*Asks:* 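The structure follows.
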Amino acid sequence: MSSAQPILPGTTPIAAGVAPILPGATLGVFGGGQLGRMFAIAARRMGYRVRVYTDHADSPAGHIADAETVAPFDDLDAVARFGREIAVATFEFENVAAAPLRTLAELVPVRPSPLILYLTQERLREKGILAAKGFPTTSFLAIRSRDVLEQAAAQFGHDAILKTAAFGYDGKGQARIRGAADVAAAWDALGGALGILERRVDFQCELSVIVARSPRGDCATFPVAENHHARHILDASIVPARLDERVQCEARELALGIAEALELEGVLAVELFLTRDGKLLVNELAPRPHNSGHYSFDACVTSQFEQQVRAVCGLPLGSTELLRPCVMINLLGDLWRGHELPGVAELLGDPLLKLHLYGKREARPGRKMGHLVCLGTDPADAWARAAAARKRLGLPQLH
Ligand code: AMP
């Protein structure tokens with residue numbers, strides 16, 4: 001494939017920079033979900049030990065890790081014990097509170113930094129820093145009162161989305177405003193929380209770039225994923241994206257610029273809108289591997305999870321070259337019947353289809369249970385295999 005991108009060297013020579021954390025060391029991951037699980041798979045393959053910190057036993061990451069600390073996330077004694085057992089801490093969700101982060105940071109390097117977490121935990125801070133550093137974002141306004149919401153909604157032509165500034169994901173805590181009559185209900189839905197009103201973007205497509213940066217300053221971006229959502233949850237990612245090279249280069253440059261501006265140490269996902277007039281706008285950042293980068297596990301020389309291991313350990317980054325075109329399809333709990341995914345054996349009748357299940361015992365509607373990566377000999381072949389898999393699963397076809 002033509003999407004190989006050189007790893008951009010950093011400015012700090014290894015000898016003068018941070019000593020790498022070598023295989024054999026224990027890596028700590030805060031959070032027990034599927035992102036921690038795939039990090040643990042990648043780390044253990046490279047000979048690291050992994051300790052997971054999770055607030056519930058029997059977690060997807062805990063199934064793979066060498067060791068598990070099960071305690072509430074705000075139990076600072078447990079966090080300190082965890083910190084003393086590991087060489088470096090990373091995380092698989094960004095809503096980690098300040099106190100445990102401080103406790104961890106006193107004991108071990110925390111990568112990405114607590115500052116990046118702080119910035120990305122809250123949409124106003126995130127968009128504020130992006131805008132201040134000159135990156136293009138959706139138009140937004142802070143909402144602290146109903147009066148302000150009324151004025152802001154009018155300013156955006158009553159075509160906007162009200163979101164909770166903190167703790168929102170997968171469309172949770174969002175209300176669409178289509179006219180003045182929607183303002184009252186949107187305000188009520190906010191429930192007194194700090195809000196952010198965004199002008200609705202008339203996008204032609206949603207895309208994302210995963211970027212990694214090591215403590216030495218080396219950077220690498222993954223190929224652009226073209227993302228399709230259903231009910232605000234990622235449904236499928238298509239790689240290579242069906243977009244012209246110029247847009248894809250620009251998206252990767254944007255992600256690199258953000259990684260450098262934030263002095264990232266680790267992996268960061270940059271979600272973008274491509275507007276109908278060809279402009280890229282940043283929608284959201286996630287300072288960790290991302291669902292839209294799952295394709296890399298099977299389709300790239302180095303997966304986003306291996307890259308996270310390399311970056312947080314201060315090792316050289318791996319090639320992000322795409323080996324095969326692919327379509328990633330999310331498997332949500334809606335597809336399950338009891339404890340089973342019906343037709344799973346038949347799905348595997350396609351030898352270019354890779355199945356990932358996260359070991360979650362209970363399926364619920366909307367819950368991410370696993371994903372498929374449909375590889376292809378060329379983009380049309382990957383598309384056809386994905387179409388066949390979706391038909392078998394009873395999912396609507398992609399366009
Ligand atoms: P978010 O949680 O902000 O990533 O939003 C979830 C999804 O809602 C996005 O992937 C978009 O499909 C849609 N969305 C969010 N913000 C906007 C916006 N300003 N304009 C148009 N669609 C949006």
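These numbers were taken from a predicted model, which means no experiment stands behind them. Both ligands and their constituent atoms are indexed starting at 1 by order of listing. Just so it is clear, the values below take in all heavy atoms, side chains as well, and ignore hydrogens, waters and symmetry mates.
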*Asks:* Which atoms of ligand 1 sit under 4.0 Å from any heavy atom of E206?
*Replies:*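 In order of numbering, the contacting atoms are 9 (C), 10 (O), 11 (C), 12 (O).
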
*Asks:* Is there a path from L27 to I86 through hydrophobic residues (I, L, V, M, F, W, Y) whose side chains come within less than 4.5 Å of each other?
*Replies:*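 Result: no, two separate clusters.
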
*Asks:* Side-chain heavy atoms under 4.5 angstrom apart, residues restricted to Ile, Leu, Val, Met, Phe, Trp, Tyr: same cluster for V327 and L331?
*Replies:*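 Result: yes, single cluster for both.
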
*Asks:* Which is it for N283 and ligand 1 at heavy atoms under 4.0 Å: side chain, backbone, both or neither?
*Replies:*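 The part of N283 near ligand 1 is the side chain, not the backbone.
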
*Asks:* Any N/O of V201 closer than 3.5 Å to an N/O of ligand 1?
*Replies:*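 V201 vs ligand 1: N/O contact under 3.5 Å present.
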
*Asks:* At a non-hydrogen distance cut-off of under 4.0 Å, which region of R200 contacts ligand 1 (side chain, backbone, both, or neither)?
*Replies:*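 Contact part for R200 vs ligand 1: both backbone and side chain.
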
*Asks:* For ligand 1, which atoms sit closer than 4.0 Å to a heavy atom of F203?
*Replies:*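 Matching atoms, with element in brackets: 21 (C), 22 (N).
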
*Asks:* Should E198 be counted as touching ligand 1, given the test is an N or O pair under 3.5 Å?
*Replies:*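 So ligand 1 has an N or O lying under 3.5 Å from an N or O of E198.
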
*Asks:* Any chance the side chains of Y358 and H371 put a donor and an acceptor closer than 3.5 Å?
*Replies:*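 Yes, side-chain donor-acceptor contact under 3.5 Å.
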
*Asks:* Which ligand 1 atoms does E284 reach within 4.0 Å, using its non-hydrogen atoms?
*Replies:*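 Going through ligand 1 atom by atom, the ones under 4.0 Å from E284 are 1 (P), 2 (O), 3 (O), 4 (O).
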
*Asks:* Show your working on side chain to side chain contact (heavy atoms under 4.5 Å, CB included) between N291 and N227 and close with a plain yes or no.
*Replies:* CA-CA 10 Å; N291 194 167; N227 299 326; over 6 Å; no

*Asks:* Applying a heavy-atom cut-off of 4.0 Å, say which part of R199 lies close to ligand 1: side chain, backbone, both or neither.
*Replies:*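 Backbone only; the side chain of R199 stays clear of ligand 1.
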
*Asks:* When the side chains of residues 138-149 are checked against the rest of the protein, which donor-acceptor pairs come out under 3.5 Å, sequence neighbours left out?
*Replies:*
residue: T138; atom: OG1; partner: E198; partner atom: OE1; Å: 3.4
residue: S145; atom: OG; partner: V148; partner atom: N; Å: 3.1
residue: R146; atom: NE; partner: E150; partner atom: OE2; Å: 3.3

*Asks:* For atom 16 (N) of ligand 1, which candidate among R231, R123, K163 holds the nearest heavy atom?
*Replies:*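 Closest candidate by heavy-atom distance is K163.
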
*Asks:* What distance do I41 atom CD1 and Q34 atom CD have between them, rounded to the nearest 0.5 Å?
*Replies:*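 Rounded to the nearest 0.5 Å, the CD1-CD separation comes out at 11.0 Å.
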
*Asks:* Against heavy atoms of H229, which atoms of ligand 1 measure under 4.0 Å?
*Replies:*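 So the atoms of ligand 1 that pass are 10 (O).
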
*Asks:* Side chain, backbone, both or neither: which applies to I161 and ligand 1 if a contact is any heavy-atom pair less than 4.0 Å apart?
*Replies:*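 Side chain only; the backbone of I161 stays clear of ligand 1.
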
*Asks:* Please tell me whether V183 and L194 are part of a single hydrophobic cluster in this structure, the criterion being side-chain heavy atoms less than 4.5 Å apart.
*Replies:*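 V183 and L194: separate clusters.
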
*Asks:* Which atoms of ligand 1 sit under 4.0 Å from any heavy atom of H232?
*Replies:*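 Per the distance check, 7 (C), 8 (O).
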
*Asks:* Going from CG on L272 to CG on L280, what distance comes out if it is rounded to the nearest 0.5 angstrom?
*Replies:*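 Taking CG in L272 and CG in L280, the distance rounds to 5.5 Å.
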
